[in-house]
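Handing you this structure, nothing more for now.
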Amino acid sequence: STQSTWGFLRRSCTTMTKGTTSFGKRHSKTHVLCLRCNRRSWHLQKHRCAACGYPAAKLRKYNWSEKAIRRKTTGTGRMRYLKTVSRRFKNGFREGTKAKRQITPAAQA
């Protein structure tokens, strides 16, 4: 009968252990938060970040991943220092000066 065949198949499928049952056994963490890039890419045993390469001095960057470079390049963050440079360059990087008072024609008369 069809009913008993399906019951047999359902029972036999539970012995396959590559999928759902295996995922339930995963408790240990391989990656935790990185100090430099703040991503969950710091490998606990290797002591290296998979995303930025920390503790290496240079940032991890490969030309075979164009999109990854685009995500991490200059201008994608806050640019706390760099966004003021163009304005200060225009004024010759002057510092410590004060703007002269502009006298209006009405005040002269």
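In this text the structure is predicted, and so the values were computed from the model without any measurement.
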**Asked** Do the side chains of R60 and Y62 get nearer than 4.5 Å, heavy atoms only?
**Response**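 Yes - at least one pair of side-chain heavy atoms lies under 4.5 Å apart.
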**Prompt:** Just wondering, do H47 and W42 contact through their side chains at under 4.5 Å, heavy atoms?
**Reply:**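 In contact.
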**Prompt:** Are any side-chain N or O atoms of R39 and backbone N or O atoms of A51, one a donor and one an acceptor, separated by less than 3.5 Å?
**Reply:**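 Side chain of R39 to backbone of A51: no pair is present.
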**Atom CG of N63: over 12 foreign heavy atoms under 6.0 Å** =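 No, CG of N63 has 12 or fewer neighbouring heavy atoms, counting only those of other groups under 6.0 Å.
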**Request:** Find out whether M79 and T84 are in side-chain contact, i.e. whether some heavy atom of one side chain is under 4.5 Å from a heavy atom of the other.
**Result:**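 A side-chain contact is absent here, since even the closest heavy-atom pair is not under 4.5 Å.
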**Prompt:** Out of curiosity, does L59 fall in the hydrophobic cluster containing L35 (side-chain heavy atoms, cut-off under 4.5 Å, transitive links)?
**Reply:**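 In one cluster: no.
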**Asked** Considering all heavy atoms of both residues, which atom of L44 and which atom of K29 are nearest to each other, and what is their separation?
**Response**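 Taking every non-hydrogen atom into account, CD1-O, 3.3 Å.
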**Item:** Within 6.0 angstrom of R88 CZ, more than 12 heavy atoms from elsewhere
**Value:**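 Yes - once you tally the heavy atoms of other residues, nucleotides and ligands closer than 6.0 Å, there are more than 12.
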**Message:** Taking the side chain as everything from C-beta on, heavy atoms only, tell me whether R48 gets closer than 4.5 Å to P55.
**Reply:**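 With C-beta onward as the side chain, the pair touches.
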**Prompt:** Which heavy atom of L33 sits nearest a heavy atom of N38, and at what distance?
**Reply:**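 So the two residues come closest at CD2-O, 3.6 Å.
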**Asked** Taking the side chain as C-beta and beyond, is there a heavy-atom pair between T30 and Q45 under 4.5 Å?
**Response**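 No. Closest side-chain heavy atoms not under 4.5 Å.
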**Prompt:** So which heavy atom on T97 is nearest to which on R94, and how close?
**Reply:**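 Reported closest heavy-atom pair: OG1-CD, 3.8 Å.
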**Prompt:** So which heavy atom on H31 is nearest to which on A50, and how close?
**Reply:**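 Shortest heavy-atom contact: NE2-CB, 4.3 Å.
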**Prompt:** Which distance, rounded to the nearest 0.5 Å, do you find between the CZ of F93 and the CZ of R87?
**Reply:**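 Answer for the CZ-CZ pair, F93 versus R87, is 10.5 Å.
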**Request:** Apply side chain to side chain contact (heavy atoms under 4.5 Å, CB included) to S41 and C52, showing your working.
**Result:** CA-CA 8 Å; S41 307; C52 71; over 6 Å; no
**Request:** Please answer whether the main-chain N or O of R70 pairs with a side-chain N or O of T73 as donor and acceptor at a distance below 3.5 Å.
**Result:**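 Such a contact is absent between T73 side chain and R70 backbone.
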